[in-house]
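Heads up: the structure comes next, in C-alpha cells.
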Protein chains: 2
Amino acid sequence: MTGTARRPTIVDVARAASVSKSLVSAALRGEPGVSAASRSRILAAADELGYRSNGWAQRLVSGRSSLVGVLLTDLRNAYQTDIVNGIEDAAAAAGFDVVLSHGRRDRELLRERLASLTALGVDAVIAVTGHLDADDLAALADRVPMVVVGRPASVPDAAGWIRNDDETGARLAVAHLQERGHDRIAYVHGSSRPASIARRDAYRALVTEAREYDVHDDGIARLLDAVAAGGPTAAFAANDRIAAQIVAEAVDRGIRLPHDLAVVGYDNTELADLIRPGLTSVDQPRGEMGAAAMAQALGLLDGGVPEREVASPTLVVRGSS
Amino acid sequence: MTGTARRPTIVDVARAASVSKSLVSAALRGEPGVSAASRSRILAAADELGYRSNGWAQRLVSGRSSLVGVLLTDLRNAYQTDIVNGIEDAAAAAGFDVVLSHGRRDRELLRERLASLTALGVDAVIAVTGHLDADDLAALADRVPMVVVGRPASVPDAAGWIRNDDETGARLAVAHLQERGHDRIAYVHGSSRPASIARRDAYRALVTEAREYDVHDDGIARLLDAVAAGGPTAAFAANDRIAAQIVAEAVDRGIRLPHDLAVVGYDNTELADLIRPGLTSVDQPRGEMGAAAMAQALGLLDGGVPEREVASPTLVVRGSS
DNA sequence: CTGAAAGCGCTTACAG
DNA sequence: CTGAAAGCGCTTACAG
C-alpha cells in the first residue's frame, strides 16, 4: 500500500531536477537554449518519475489540438477504409493524430457525432459521408475547418469538397457493357442520393431505353424476372453491395453469369474480388482522395480557401461482364 | 471586415449578463442554486454570443474526459463493426463519447495508436484486437483502465478481457460437418494466433486424421487439389474471409459446393450472406461482447477488478454445408 | 542559459 | 443566491 500515486507533473520533475518548471517545459519540448547538463538531468528525472505530459493542459494553452476528426457513415462500408488510410498517412506526415467517429448511416446520429467531434476540440473535421447535407454541416463549417469526401445533397460554401466523378464512372461501366454487345442494360440502385442520381443520369444518356430498378422495391427480383423473360442482358449497379446481391440471387436462380446476365458494380471493394464470378467494378482513387482531403484540411487551417476537387475513376474488369 | 472574432469564453458571457463567471459556470452546468432570473439572463447571453465551452479546459480541471478510446485492428475486418456498435451504445448510455483508432493489422502501428489514445487522455481504452500481446498492453494497462476484446497472445493482469469461446465454436463447426456425414474434414488457417490455434486444437480433438492447410503456404490450392483427388470432403476455415476464398477458388475449378466440398467459416460476417453458396459460419455475440467490454471499462473506472469473460458462439447454417 | 510571472478557460471550495 | 480566490498543468513572453 503506497497510496494512490498522483500522476507526476512538470512541477515534480522541476523539483527532482532542481530547476524551474519553465526550464523543464523547454527541455521536454526540445527547445534549443537549454544546457546539455540541465537537459539530461531533466530528462532523467522525468523518466525516473514516469512523467507524461498532460494533453488537456497543452491543448488549452496552445489552442491547437493537432487532431483531425474523421466522421464515417458506416464502418460496414468497405469503400471508406482506403480513404481513411489516405487521410491517416497524410495526417501523420503533418504531425496530426486522427480520431474516427461513426454514424451508422443514421443522419441523426451522424449529426451528433459531428457535434461531439467539434466539442472534442479537433482542429479540423473530414466528413466521409453522403448522408448529411449542407444544413447539417453548415453550422460547424463556420466554426471549424471542414472538408467533405463523397457526395452529399449539398456542401456548405465554407467547406472543402472532394468526390469522384460519378458521371464518368457510370459512363465507363455502361460503355464497357455496350462494347461487350449488350444493348438492353438495366440500372439498379438503392437510394436517391446524389451519387446514385448522377450515375443514373449518365446511364440514361447512354442507353436507348432506361430500365431502372430499386432494390427497396423488390428490384432485384423484378430484374431477374425480366432477365428470364428475355429482357435486360446486363445490369449496372449503383454500388458493389447491390451488385453482389444481384449476383447472389442470379446464382440462386440458375442464371448464368456473365452469359445470361452481365453485372458491373461501383467502388471496387474487397467484395468484388471475393464473390464469383468476380465483379467488374468502377474504382475510385480512394487513397488519393483521402490524402487530398487531409491536404485541404491543412490548407484551410493555414487560412486557405475551400476547394472543390473531382477525382477520376477507372474500370476494373472481372468475370461478371 | 470585423476582424478575427476571438471565441467567446465564460468571462465574456459573465460580462454580458452582468454576473460573475462562477455563476455562469454554475448556470451552464445546470446546477441547482441559481435564481431563475440569472439563469435565463446567462443562457440568453451565452446563446447570443455563440458561446461553446472549451473541452480542454473542462477536462483539465475536472480530470475526466468522459472519453473511451477504441483501438481497432483493421477497419476492413467486418467482424468488428457490431462490437463497436455494442460499445457505442453502452458508452452513450453511460454518458461517454467513443473515439476510434485504427491500426491496420500492423503491430507497430497498433502500438503507436494505443499510445496516442492514452496521450489524448481517454478515461479508458478498449482494444479490439488479437494482434497485440501483453508486452504491448501492459505498460498502458497500469496507467489507464483497459479491456481487451478478442484473443491476443496474452492479456496483462490489470486489463479486463472478453472473448468468444473458440473451442466451442470449432466444435460446433466440426460436429455439424460430421453430422452431415463428412469424415474427412480439413482445417484451413491463415495465422498461428491464439484464436486460430484454439480452433485448430478443438478440431484435432474431433477428427480421426488432421488435414491442415495454411493459406500463406498455397494452402487453398493444395486443399482443392486434394479434394479433386478424393481427399477431404469438407473444410473448416479459421474465419469467413478464408472460407470465402476457398469457395471462390472452388467455384473457379468447377468443384460443386456443398456436394463435392462443404465449407464452414467463422465470424458470420456480412460476407457469409453475400457469397454463393451462402456460407455456414460460427457466430460470436458481437453486440453483447462490445457492451460487456464497455461495462467492464466502467467497472474498472469505478475501482473494480479486471474480469475474464467468455461468450458463447452459435452456428448459423447456410448453403455451403 | 535560467527563473518568476502571467495566463489559457474552466471548476471547486469557501465566504458572504 | 452570488462573488472572489485559488488552482488544474502547461506555455509564453520577459527579465536577468
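Per chain, numbering begins at 1; letters A, B, ... match sequence-line order. These numbers were taken from a predicted model, which means no experiment stands behind them.
- Atoms CZ (A:R59) and C1' (D:dC8) sit 15 Å apart, rounded to a whole Å.
- For D:dT11, the OP1/OP2 oxygens have no side-chain nitrogen or oxygen of A:R64 closer than 4.0 Å.
- Closest to the side chain of A:A57, out of C:dA5, C:dG9, D:dG9, is D:dG9.
- In this structure, the nucleotide among D:dT11, D:dC10, D:dC1 sitting nearest to the side chain of B:S35 is D:dC1.
- Here A:D267 does not pair with A:R286 in a salt bridge; the nearest charged N to carboxylate O distance is not below 4.0 Å.
- Look at B:S20 and you'll find a side-chain N or O under 4.0 angstrom from OP1 or OP2 of D:dG3.
- Out of D:dG9, C:dG3, C:dC10, the shortest distance to the side chain of B:I10 is found at C:dC10.
- One finds a side-chain N or O of A:S25 lying less than 4.0 angstrom from the OP1 or OP2 phosphate oxygen of D:dT11.
- In this structure, D:dA4 forms no base pair with any nucleotide, since neither Watson-Crick nor G-U wobble geometry is met with both distances under 3.5 Å.
- Of the listed nucleotides (D:dG9, D:dG3, C:dT2), D:dG9 has the atom at the smallest distance from the side chain of A:L60.
- In this structure, of D:dG9, D:dG3, C:dC10, it is D:dG3 that holds the atom nearest to the side chain of B:L23.
- Base pairing of D:dA13: no nucleotide in any strand meets the Watson-Crick or G-U wobble criterion (both distances under 3.5 Å).
- In terms of phosphate contacts, B:Q58 brings no side-chain nitrogen or oxygen within less than 4.0 Å of OP1 or OP2 of C:dG9.
- A:T73 is listed as a side-chain neighbour of A:Q80, based on a closest heavy-atom distance under 4.5 Å.
- A salt bridge is defined here as a Lys NZ or Arg NE, NH1 or NH2 lying under 4.0 Å from an Asp or Glu carboxylate O, and A:D135 with A:R111 fails to meet this definition.
- A:V19 comes within 4.0 angstrom of sugar-phosphate atoms only, judged by non-hydrogen atoms across all strands, and of no base.
- Look at CD1 on A:I42: it is 12 Å from C1' on C:dG3, rounded to the nearest Å.
- Following rounding to the nearest Å, B:R39 (CZ) and D:dC1 (P) show an atom-to-atom distance of 9 Å.
- Which of D:dA5, C:dT2, C:dC10 sits closest to the side chain of B:Y51 comes down to C:dC10.
- For C:dT12, the OP1/OP2 oxygens have a side-chain nitrogen or oxygen of B:R29 closer than 4.0 Å.
- At whole-Å resolution of the value, CD in A:E31 and P in C:dT2 are 13 Å apart.
- If you check C:dG9, C:dC8, C:dT2 against the side chain of A:V34, the one that comes closest is C:dT2.
- For the pair A:K21 NZ and C:dC1 P, the interatomic distance rounds to 22 Å; values are reported in whole Å.
- Between B:S38 and the phosphate of D:dC1, there is no side-chain N or O to OP1/OP2 separation shorter than 4.0 Å.
- Between A:S62 and D:dC10 there is no side-chain polar atom (N or O) within less than 4.0 angstrom of OP1 or OP2.
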